[in-house]
*Asks:* 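Encoded as structure tokens, here's the structure I'll be asking about.
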Amino acid sequence: MRSDPILNLPRCCGIRDSTVSVIAGMQSAFCVQGTSLGAISEGFEVSVPRGVHATYGATSTEAVALLASVEQELEAEGVQVVDLAAVDF
């Protein structure tokens, strides 16, 4: 799945003048993962802070496992998964 809302912003917003993106969102395995992978494919340097995305499962144990799986997949694709304290705004 690939979602590119960040890549469709007009140039006046400055996003296309930057090479670094910090992605946060609600659904780990959808908007966060898709937008992160889309940005990587467009040449952006992408960071996803731990704890600023979420998911759900039949049990809380399943949800935690899915979060860990998404973060591992993102790291394998070149996304930097970092502690929130390491992100400068």
Side-chain angles (χ1 to χ4, degrees):
M1 175 179 190
R2 181 175 162 165
S3 174
D4 292 336
I6 197 168
L7 305 176
N8 292 326
L9 290 174
R11 233 174 144 48
C12 65
C13 295
I15 193 69
R16 284 307 208 165
D17 295 330
S18 176
T19 59
V20 178
S21 295
V22 176
I23 309 294
M26 185 55 204
Q27 196 58 26
S28 304
F30 295 101
C31 57
V32 173
Q33 188 175 35
T35 301
S36 296
L37 296 177
I40 283 283
S41 73
E42 293 292 325
F44 286 86
E45 182 180 321
V46 178
S47 295
V48 173
R50 287 181 188 88
V52 298
H53 58 97
T55 194
Y56 57 90
T59 67
S60 60
T61 303
E62 287 179 11
V64 169
L66 181 57
L67 289 175
S69 174
V70 167
E71 289 182 352
Q72 288 173 344
E73 289 176 30
L74 290 174
E75 286 180 314
E77 294 294 329
V79 174
Q80 298 174 39
V81 180
V82 299
D83 291 327
L84 182 57
V87 178
D88 292 325
F89 291 97

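Small disclaimer: the values here were computed from a predicted structure and weren't measured.
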*Asks:* At their closest point, which heavy atom of L67 faces which heavy atom of S28, and how far apart are they?
*Replies:* CD2-OG, 2.9 Å

*Asks:* Could you give the side-chain donor-acceptor pairs of residues 69-80 under 3.5 Å, partners two or more places apart or in another chain?
*Replies:*
residue	atom	partner	partner atom	Å
S69	OG	E73	OE2	3.3
E71	OE2	H53	NE2	3.0
E73	OE1	Q33	NE2	2.9
Q80	NE2	E45	OE2	3.2

*Asks:* Could you check if a side-chain atom of Q27 sits within less than 4.5 angstrom of a side-chain atom of V32, using non-hydrogen atoms only?
*Replies:* no

*Asks:* Which heavy atom of T55 sits nearest a heavy atom of A63, and at what distance?
*Replies:*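 Heavy atoms of T55 and A63 come nearest at CG2-O, 3.6 Å.
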
*Asks:* Following the transitive rule for hydrophobic clusters with a side-chain heavy-atom cut-off under 4.5 Å over Ile, Leu, Val, Met, Phe, Trp and Tyr, establish whether I23 and I40 coincide in one cluster.
*Replies:*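 I23 clusters together with I40.
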
*Asks:* Would you please name every residue forming a side-chain contact (heavy atoms from CB on, under 4.5 Å) with V64, sequence neighbours left out?
*Replies:* none

*Asks:* For S47, enumerate each residue passing the side chain to side chain donor-acceptor pair (under 3.5 Å) test, keeping only those at least two apart in sequence or located in another chain.
*Replies:*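 Side chain to side chain donor-acceptor pair (under 3.5 Å) check on S47 returns nothing, list empty.
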
*Asks:* Hydrophobic clustering (ILVMFWY, side-chain heavy atoms < 4.5 Å, transitive) - are V82 and V22 grouped together?
*Replies:* yes

*Asks:* Does L37 belong to the same Ile/Leu/Val/Met/Phe/Trp/Tyr cluster as L66, with side-chain heavy atoms less than 4.5 Å apart forming each link?
*Replies:* yes

